[in-house]
Number of protein chains: 2
Amino acid sequence: MKARAKTAAVETPAEPVGTLQEVRDEFIAEWGAIGSAWGINRTMAQIHALLLVSPALTTDEVMEELKISRGNANTNLRDLVGWGLVRSVVRKGERKEYFEAEKDVWKIFGTIVRERRRREISPAVRALENCAAKSEQLRGPDAAAFHTMINQLAEFVRLADSVTERLASASQGAVMPWALRLLK
Amino acid sequence: MKARAKTAAVETPAEPVGTLQEVRDEFIAEWGAIGSAWGINRTMAQIHALLLVSPALTTDEVMEELKISRGNANTNLRDLVGWGLVRSVVRKGERKEYFEAEKDVWKIFGTIVRERRRREISPAVRALENCAAKSEQLRGPDAAAFHTMINQLAEFVRLADSVTERLASASQGAVMPWALRLLK
DNA sequence: CTGTAATTTCAGAATATTCTGAAAATCAAG
DNA sequence: CTTGATTTTCAGAATATTCTGAAATTACAG
């Protein structure tokens with residue numbers, strides 16, 4: 001049960017910082033909070049966190065660790081697979097399905113950016129360009145001001161869309177020097 | 001009521017694209033949807049959209065346009081002012097307060113990035129660094145793997161934090177060439 | 001096939017978020 | 001002060017989201 005090194009009990013004179021189990025749980029809770037601040041379902045983010053710091057786990061192990069129902073675990077694991085953040089692996093000779101998270105932070109970042117672009121930015125671009133096109137037809141002073149504003153927004157979001165497209169497909173090696181340049 | 005150019009009724013042989021009123025409402029609905037996809041309250045995003053394409057409005061005008069209650073309008077207007085996306089202006093001789101949106105898209109972008117960094121990224125950095133520090137103390141093979149993962153995440157998020165800090169305070173003139181370089 | 005483990009689905013329950021409307025507080029002019 | 005316009009607050013209602021648990025389905029070994 002205890003995931004402590006065997007020597008720990010006899011020394012460690014300083015204040016205890018918590019067991020691996022405790023720090024792991026803290027991380028899972030934090031990552032869940034971070035996820036929900038960014039529009040990702042809290043449980044999904046917690047499962048993701050758990051898998052980031054675990055070997056491949058089964059649905060039952062995830063249920064047990066996070067104390068969640070089978071339906072909840074199944075749905076969110078599927079969603080994570082859908083995002084491309086988790087893959088399911090089958091071990092030969094076993095019926096059960098195991099789930100394993102991608103652990104390369106740059107790949108994780110690329111996947112999230114790509115998915116959010118696809119699901120949220122690109123539709124927004126289309127919607128704004130549609131409004132911009134319609135406002136083009138309108139005449140009158142109010143329409144002119146409206147048209148100007150919409151066009152500025154559309155142009156800006158289009159630029160953001162292009163930038164995220166590049167970011168999503170770039171590798172760490174490509175992004176780092178670029179980030180460092182920005183940081184002076 | 002009709003915000004159409006006076007000539008429109010006699011020509012416009014092509015299919016009508018909608019009145020200014022209609023396109024404006026479409027834009028407000030779209031911007032609301034975009035906002036909620038990014039973790040911003042839908043009504044807040046709609047009020048923001050309305051103010052983006054309007055002159056300064058009073059609380060009552062916002063209520064009327066969006067068909068929302070006084071409490072709702074007041075709270076969300078205050079939040080927008082808190083974000084720095086809207087300012088309240090007082091006209092001499094009038095008691096009522098008017099609300100006016102910042103209309104420079106680059107300033108809007110900077111404000112949003114700065115606020116999200118302050119409210120969401122920076123706390124995440126602190127939380128992760130806290131976990132990283134605690135995991136440092138732990139011993140054992142499981143702890144080592146855990147520690148490695150947490151450190152990679154912490155380092156990555158720290159980089160993201162720095163980049164957004166720069167982005168938030170940069171002007172259009174500074175960001176554009178940098179974005180264009182990225183786009184080849 | 002048959003039996004059983006594993007997975008998926010989904011109606012209703014539990015939670016969380018947002019909104020309303022009216023009362024309370026604030027403010028400024030007289 | 002007093003009055004009336006304006007703004008703020010917040011309890012309860014309405015809505016939206018997420019979760020549970022068990023039944024239905026699927027998949028596979030024998």
Side-chain angles (χ1 to χ4, degrees), chain A residues 28-29 31-51 56-83 85-100 116 119-120, chain B residues 28-29 31-51 56-83 85-100 116 119-120:
Chain A
I28 291 170
W31 199 249
I34 292 169
S36 61
W38 288 87
I40 289 161
N41 173 301
R42 183 157 37 91
T43 303
M44 183 168 144
Q46 287 180 342
I47 295 177
H48 185 222
L50 172 62
L51 292 176
L57 300 180
T58 64
T59 299
D60 290 80
E61 288 168 327
V62 171
M63 289 167 60
E64 167 61 21
E65 286 275 355
L66 302 180
K67 307 289 183 226
I68 61 178
S69 72
R70 182 172 303 284
N72 196 8
N74 180 266
T75 303
N76 285 111
L77 280 167
R78 287 293 144 224
D79 287 351
L80 283 166
V81 171
W83 272 71
L85 292 170
V86 165
R87 21 174 197 284
S88 89
V89 297
V90 273
R91 296 185 180 171
K92 63 177 180 181
E94 283 199 67
R95 292 270 291 276
K96 270 205 271 281
E97 197 173 14
Y98 284 77
F99 295 93
E100 181 181 59
R116 294 208 72 163
R119 299 171 192 224
E120 289 146 19
Chain B
I28 291 169
W31 200 248
I34 292 169
S36 61
W38 289 87
I40 290 161
N41 174 302
R42 184 157 34 90
T43 303
M44 184 168 142
Q46 287 180 343
I47 295 178
H48 185 221
L50 172 63
L51 292 177
L57 300 179
T58 63
T59 300
D60 290 81
E61 288 168 326
V62 172
M63 289 166 61
E64 166 61 21
E65 285 276 355
L66 301 180
K67 308 289 182 227
I68 59 177
S69 72
R70 183 173 303 283
N72 196 7
N74 179 266
T75 303
N76 286 110
L77 281 167
R78 287 292 146 226
D79 287 351
L80 283 167
V81 171
W83 271 70
L85 292 169
V86 164
R87 22 173 197 283
S88 88
V89 298
V90 273
R91 295 184 181 172
K92 64 178 180 180
E94 285 199 65
R95 291 272 290 278
K96 271 206 271 280
E97 198 173 13
Y98 284 76
F99 295 93
E100 181 182 60
R116 294 208 72 162
R119 299 170 191 224
E120 290 147 17

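Chain A is the first sequence line, chain B the second, and so forth, proteins listed ahead of strands; every chain is numbered from 1.
With values rounded to the nearest 0.5 angstrom, A/E94 atom CD is found 9.0 Å from A/T58 atom OG1. Here B/I28 contributes atom CD1 and B/L66 contributes atom CG; the two are 5.5 Å apart, rounded to the nearest 0.5 Å. Rounding to the nearest 0.5 Å places CZ of A/R87 at 11.0 Å from CG of A/L51. Note: B/T43 OG1 to B/N72 CG = 4.5 Å, rounded to the nearest 0.5 Å.
Per the geometry, CZ belonging to A/R78 stands 11 Å off C1' belonging to C/dA6, to the nearest Å. Spacing between atom CZ of B/R91 and atom C1' of D/dT6 amounts to 16 Å, rounded to whole angstrom units. Look at CD1 on B/I68: it is 11 Å from C1' on C/dT18, rounded to the nearest Å. Distance CG (A/L77) to P (D/dC19): 12 Å, rounded to an integer number of Å. Remark: P of C/dT4 and CD of A/E94 are 20 Å apart, rounded to the nearest angstrom. Look at NZ on A/K67: it is 23 Å from P on D/dT18, rounded to the nearest Å. Atom P of nucleotide C/dA29 and atom NZ of B/K92 are separated by 15 Å, given to the nearest angstrom. The CE atom of B/M63 sits 11 Å away from the P atom of C/dA22 (whole-angstrom rounding).
Of the candidate nucleotides C/dT7, C/dC19, D/dT7, D/dT7 has the atom nearest to the side chain of B/N74. With D/dT7, C/dT8, C/dG21 as the choices, the nucleotide that has an atom nearest any side-chain atom of A/R70 turns out to be C/dT8. Comparing C/dC19, C/dA6, D/dG21 against the side chain of A/K96 picks out C/dA6 as the nearest.
Within the 4.5 Å cutoff, no side-chain heavy atoms of B/V62 are placed close to those of B/N76. No side-chain heavy atom of A/H48 sits less than 4.5 Å from a side-chain heavy atom of A/W83. Between A/R42 and A/W31, the closest side-chain pair of non-hydrogen atoms is not below 4.5 Å. Looking only at side-chain heavy atoms (C-beta outward), A/L77 and A/V81 stay at 4.5 Å or farther from each other. Contact annotation: the side chain of A/F99 never approaches that of A/E61 to less than 4.5 Å [non-hydrogen atoms, C-beta and beyond].
From one end of the helix from C/dC1-D/dG30 to C/dG30-D/dC1 to the other, with five pairs defining each end axis, the axis direction shifts by 20° (rounded to 10°).
Heavy-atom nearest nucleotides on DNA chain D were determined for A/R95 and for A/N72, and the one closer to the 5' end corresponds to A/N72.
A heavy atom closer than 4.0 Å to some atom of DNA chain D occurs in no member of residues 38-49 of chain B.
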